[in-house]
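Here is the structure we will look at.
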Amino acid sequence: MDNAHWFVLTGGLLLFIGVTSSVLRRLPVSTSFLYLAIGLLVGPTGLNLFHFNPLKQSEFLEALTEVAALISLFSAGVKMPVPVRLWRWRMPILLASVSMVVSVTLIALFAYFVLHLSAGAAILLGAIVAPTDPVLATDVQSRHPGDHDKLRFALTCEAGMNDGSAFPFVVLGMGLLGLHKIGFMGWRWLFLDVVWATLGGIMIGCIAGYGFGRLISTVHKKYRQGLLDDFLGLGLIGVVYGISEICHAWGFLAVFFAAVALRQAEFRAALVSGEHVIEEVGVEPAGGEKSSGRREFASFVSSSSLVFNDYLERLSELVLILLVGGTLFVNSWSWRAVGLALFLFFIARPLSVYIGLLPIRGVKRVKGLSAWFGVRGIGSLYYLMYAIDKGLAEPLALELIHLTLIVITLSILLHGITVRPLLHRFWK
């Protein structure tokens with residue numbers, strides 16, 4: 001399929017989605033499911049109109065998934081409710097830290113003992129498929145800034161953070177394969193790739209996002225017009241991510257927390273100026289759960305960039321899922337790959353969620369739905385391409401491509417079929 005045919009395919013899909021959007025929203029499946037079905041139809045599995053080779057196009061796919069992930073992480077960050085309350089963030093922090101470690105460990109053990117991969121390859125595979133995805137999980141994401149829904153907040157915030165918390169395990173697996181320096185007994189990995197890279201990414205994101213938010217709020221008071229707020233949001237993504245990479249900190253974490261801090265800064269600026277604000281006021285009733293009240297506040301960069309980034313996110317989702325469908329052949333569905341996916345969805349994810357959330361009592365329905373809705377997708381593709389471009393041996397690269405793509409495909413299919421019916425049945 002040449003460029004002209006690609007333009008016809010993607011353009012036709014965009015037209016179709018634009019015309020039938022109201023109908024598609026009523027279907028019991030996600031839009032990701034529909035994109036994948038079309039990709040499988042026109043790819044080698046169906047009509048064989050095109051075939052995408054991730055190994056040969058790894059640099060292109062790495063860049064594409066990197067940009068898509070950054071835009072989605074920023075969009076997730078500006079949806080976080082303000083002001084920031086530590087009690088509200090307890091659940092997603094546990095999911096992104098404790099549950100992430102448990103999930104990577106379980107997958108690595110399965111890959112080592114069942115799939116007979118080496119220790120380094122098993123850890124790398126675990127880190128690739130463990131994080132949930134902020135791009136493909138739109139049906140279970142927070143719907144707008146300040147969304148009070150506990151399930152949507154927990155899953156959105158988890159996806160925003162665990163793309164960064166998985167990175168230490170990616171480089172640990174690469175280190176055991178001889179592709180990254182981890183130091184004697186892993187000291188370099190522990191202090192630089194875990195402690196510094198994580199804390200540095202959060203710190204860079206918070207400082208840059210909050211400082212930029214206060215600056216732009218001040219400028220908006222003097223110059224009501226003439227600022228391209230959506231471009232400012234993209235600029236903040238680029239600057240924060242670039243600084244993080246230069247400082248060897250995790251850029252995904254930095255971009256997510258920059259968006260959170262940006263919205264917090266705009267909220268604080270509105271409070272100081274005495275404007276009418278949306279403030280989430282925690283109330284502690286007898287039952288122990290907190291509820292919220294709302295008042296309006298004006299946000300500039302966060303709200304404008306959210307609308308602009310939403311279009312970019314949808315476009316990247318469409319293109320990347322089409323490419324995923326265009327990589328698979330009929331014989332790609334091996335028992336090794338399907339077994340790994342089923343183990344991840346039905347054992348590793350539920351166990352990791354329940355273990356991670358042991359300190360939190362109650363919220364059984366939130367735990368149960370969180371245990372199932374661990375959507376895998378673009379982040380996993382990025383980590384895989386990152387490892388390949390760092391020198392992963394071709395036989396192992398082909399094996400990991402095969403396993404990862406089946407996991408992503410089955411995730412889109414299973415979660416795409418169940419997300420709307422389950423939310424309608426068990427959630428408001």
Side-chain angles (χ1 to χ4, degrees), residues 28 30 32 72-73 75-104 106 130-163 165-166 256 260 280-294 344-377 379 411 414-428:
S30 66
S32 299
S72 186
L73 288 168
S75 297
V78 297
K79 292 176 184 176
M80 296 296 98
V82 291
V84 173
R85 307 290 190 189
L86 291 180
W87 57 262
R88 183 186 287 118
W89 283 66
R90 188 183 179 200
M91 183 181 293
I93 288 175
L94 289 173
L95 288 173
S97 56
V98 178
S99 296
M100 171 58 69
V101 174
V102 174
S103 184
V104 172
L106 291 174
T132 57
D133 195 78
V135 180
L136 304 187
T138 52
D139 285 296
V140 290
Q141 272 196 9
S142 295
R143 291 161 289 190
H144 51 76
D147 191 344
H148 297 269
D149 187 281
K150 289 183 178 180
L151 176 65
R152 294 180 185 276
F153 170 75
L155 293 175
T156 304
C157 195
E158 178 201 6
M161 290 188 290
N162 71 14
D163 270 326
S165 60
F256 175 74
V260 174
E280 297 175 5
V281 184
V283 180
E284 188 89 34
E289 290 190 0
K290 296 180 184 288
S291 60
S292 319
R294 300 183 68 185
L344 171 60
F345 302 150
F346 293 100
I347 297 178
R349 172 66 181 181
L351 274 178
S352 65
V353 168
Y354 281 105
I355 292 173
L357 297 183
L358 278 176
I360 299 180
R361 296 182 179 181
V363 293
K364 293 182 179 180
R365 190 174 296 180
V366 177
K367 292 180 181 180
L369 291 174
S370 298
W372 173 244
F373 290 130
V375 183
R376 269 60 185 181
S411 178
L414 292 177
H415 294 119
I417 291 174
T418 59
V419 58
R420 293 180 183 178
L422 285 179
L423 287 179
H424 178 73
R425 173 66 177 82
F426 296 106
W427 201 249
K428 58 186 177 180

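Quick note: numbers below take in every heavy atom, side chains included, and nothing from hydrogens, waters or symmetry partners. By convention here, the first residue in the shown sequence is residue 1.
Put simply, the side chain of S32 does not reach to within 4.5 Å of the side chain of H415, judged on heavy atoms. In this structure the side chain of R152 never reaches within 4.5 angstrom of the side chain of F373, judged on heavy atoms. When side chains are defined from C-beta on, L155 counts as touching S370, because their heavy atoms get closer than 4.5 Å. When side chains are defined from C-beta on, C157 counts as touching F256, because their heavy atoms get closer than 4.5 Å. Residues S99 and L94 form no side-chain contact, since every pair of their non-hydrogen atoms from C-beta on lies 4.5 Å or further apart.
Minimum heavy-atom separation, V363 to K150: CG1-NZ, 4.5 Å. Residue F153 comes nearest to P92 through the heavy atom pair CE2-CG, 3.8 Å, listed as atom of the first residue, atom of the second, then distance. Nearest heavy atoms, T156 versus A76: CG2-CB, 3.8 Å. Nearest heavy atoms, S30 versus V419: CB-CG1, 4.5 Å. The two atoms that bring A371 and P350 nearest to each other are CB-CA, 3.7 Å, heavy atoms only. Of all non-hydrogen atoms in S165 and M100, the two that sit nearest each other are OG-CG, 3.9 Å.
Heavy-atom neighbours of L86 CG from other residues, nucleotides or ligands within 6.0 Å: at or below the threshold of 12.
With sequence neighbours left out, W372 forms a side chain to side chain donor-acceptor pair (under 3.5 Å) with T418.
Within the 3.5 Å criterion, the main-chain N or O of I360 finds a donor-acceptor partner in the side chain of K367. Counting only distance, with no hydrogens or angles, the side chain of S103 and the backbone of S352 share no donor-acceptor pair below 3.5 Å. A donor-acceptor pair under 3.5 Å is absent between the side-chain atoms of R376 and the main chain of D133, judged by distance alone.
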Check against side chain to side chain contact (heavy atoms under 4.5 Å, CB included), L151 and R365: CA-CA 9 Å; L151 176 65; R365 190 174 296 180; over 6 Å; no

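Taking OG1 from T132 and CG from N162, the interatomic distance works out to 3.5 Å, rounded to the nearest 0.5 Å.
Using a 4.0 Å cut-off between charged side-chain N and carboxylate O, E158 and R349 make a salt bridge.
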